[in-house]
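We count ligands from 1, going down the list as the structure has it; atoms in each ligand are counted the same way. FYI, side chains are in, hydrogens and waters are out, and symmetry mates aren't considered; it's all heavy atoms of this structure.
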Amino acid sequence: MSDIFETVRLTLQAIESATPDTSDALEQFRIQYLGTKGEIKALMEEMRTIPNERKKEFGQLINALKQGAEEKYQHLKAIQDALAENAAAAQFDLTAPGEPLALGSRHPVAVTLNRIVDIFTRIGFSVADGPEIEDDWHNFTSMNTPEDHPARDMQDTFYVVDAPGMLLRTHTSPVQARVMENRKPPIRIIAPGRVYRNETISTRSHCQFHQVEGLYIDEGVSFADLKQTLLYFAQEMFGAPKIRLRPSFFPFTEPSAEMDIWLGTDTEKNYRLTKGTGWLEILGCGMVDPQVLENCGIDATKYSGFAFGMGIERQTLRLYEIGDIRLVFENDVRFLRQFSAAL
Ligand code: DAH
């Protein structure tokens, strides 16, 4: 029996002299003395073997033992936790430079658009804007395409179910009407923007793309002005030496034309692009139909003007020699990054 008291004393000594200086060693210490299968628990179970008159003494010793082990454990644990926290904090170098943010780049379609805007602003055109959710009047009727006009079939679009007569604009031409309704000539604007078509028939076509519209209204504006303006554009944009105007039809212009630029057939690429003709179609244009002027509150006996409209995506493919139009819609950063230098 005196052995048991001796064991308690030795255990107390062992606890006092223990130096568990790693978290593993400390955990080991906890398990060894304070665990449910630990030494203190085992000693407590010896209580039944102790004669009654010494039970109290034994109980007090065990309690002291337990308290000593508990305190030592808590104390060392607090120190180790603080050290670990400091070590983690030390890994944060507050003076280190931050993670660099990836810089975006302009989309090639935006680059092309900006070039076009730049070319026309140099000769006195300013940029005008209009809504993408447009009403029937501006998108169709004012542009001389009344309901049941066959030309509407070519521009099916998306309609707003809850707002009859509202639709996603099929071209940038409605900006013409909006500008004419609100300003007096002379008017010289270009209107870049997004347009929409319901072209589900072909998997190669896209429901959303970009156009730039142009409009010039003043006294005495003639077809010669149109031709010279477009020649200037073709030279600046494509370095084309000459243009060709082919008769065409648009409801809002009379006469109407299609403009081609001369690329020639010297290179295989140009031969392929122009289908062997040397000419590449770029845009639609014409003299603004007097009916359109009147629709928009402009005196057609006093003023005349020209208009033009072009798609941006195909020009972008040509300028950057992009082989597949889907690339400009998918916005894969591996593709877009290649244009970071082109502003
Ligand atoms: N709005 C026409 C289209 O989307 C393009 C166009 C042709 C615009 C002739 C014009 C123009 O202003 O005069 O197909």
Side-chain angles (χ1 to χ4, degrees), residues 109 113 116-117 120 125 127-132 134 136-146 149-158 167-181 185 187-199 202 205-218 221-231 233-234 243-261 281-293 295-296 298 300 303-315:
V109 168
L113 255 171
I116 297 172
V117 168
F120 281 104
F125 284 75
V127 174
D129 208 0
E132 288 173 30
E134 196 39 291
D136 187 283
W137 165 258
H138 289 101
N139 195 77
F140 289 125
T141 310
S142 69
M143 288 288 111
N144 225 8
T145 317
H149 192 291
R152 282 203 183 194
D153 290 350
M154 321 249 296
Q155 300 197 0
D156 189 21
T157 184
F158 301 93
L167 45 88
L168 296 188
R169 67 180 182 187
T170 59
H171 50 177
T172 42
S173 301
V175 183
Q176 288 189 34
R178 290 187 172 272
V179 171
M180 285 190 277
E181 283 168 352
I187 290 169
R188 257 196 310 259
I189 57 107
I190 48 167
R194 238 175 251 141
V195 301
Y196 303 82
R197 303 260 171 109
N198 179 12
E199 292 180 290
S202 151
S205 53
H206 293 268
C207 295
Q208 185 248 88
F209 54 102
H210 295 78
Q211 286 189 338
V212 175
E213 192 81 11
L215 177 70
Y216 183 16
I217 311 273
D218 203 351
V221 176
S222 73
F223 201 87
D225 296 315
L226 169 62
K227 195 172 172 189
Q228 193 58 32
T229 303
L230 294 182
L231 176 62
F233 168 67
I243 62 169
R244 169 173 91 169
L245 290 170
R246 273 180 297 113
S248 184
F249 172 80
F250 299 101
F252 32 87
T253 44
E254 181 61 38
S256 304
E258 220 79 64
M259 181 192 85
D260 303 337
I261 59 171
E281 184 187 319
I282 297 292
L283 53 76
C285 59
M287 301 307 291
V288 179
D289 193 303
Q291 183 62 52
V292 172
L293 294 176
N295 287 348
C296 301
I298 296 210
Y303 296 106
S304 59
F306 65 74
F308 55 87
M310 60 187 125
I312 307 306
E313 273 76 7
R314 270 199 298 149
Q315 293 190 37

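Of the possible donor and acceptor atoms, none in the side chain of Arg188 sits under 3.5 Å from a partner among the backbone N and O of Tyr216.
You'll find the ring centres of Phe252 and His171 inside the 6.0 Å limit.
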Please give the N or O to N or O pairs under 3.5 Å between ligand 1 and the protein, distances rounded to 0.1 Å.
unit_1   : atom_1 : unit_2 : atom_2 : d
ligand 1 : 1 (N)  : His171 : ND1    : 2.9
ligand 1 : 1 (N)  : Ser173 : OG     : 3.0
ligand 1 : 4 (O)  : Arg197 : NH2    : 3.0
ligand 1 : 4 (O)  : Gln211 : NE2    : 3.0
ligand 1 : 12 (O) : Gln176 : NE2    : 3.1
ligand 1 : 12 (O) : Glu213 : OE2    : 2.6
ligand 1 : 12 (O) : Phe308 : N      : 3.4
ligand 1 : 12 (O) : Phe308 : O      : 3.3
ligand 1 : 13 (O) : Ala307 : O      : 3.2

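Residue pairs meeting the salt bridge (charged side-chain N to carboxylate O under 4.0 Å, His left out) criterion with at least one partner in residues 243-260, sequence neighbours excluded, are Arg244-Asp260, Arg246-Asp260, Arg246-Glu281.
More than 12 heavy atoms of other residues, nucleotides or ligands sit less than 6.0 Å from atom CD of Glu181.
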Met259 and Leu230: CA distance, side-chain angles, deciding distance, side chain to side chain contact (heavy atoms under 4.5 Å, CB included) verdict: CA-CA 8 Å; Met259 181 192 85; Leu230 294 182; 3.6 Å; yes
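Classification of the Phe249-His149 ring pair by plane angle, with boundaries at 30° and 60°, yields parallel.
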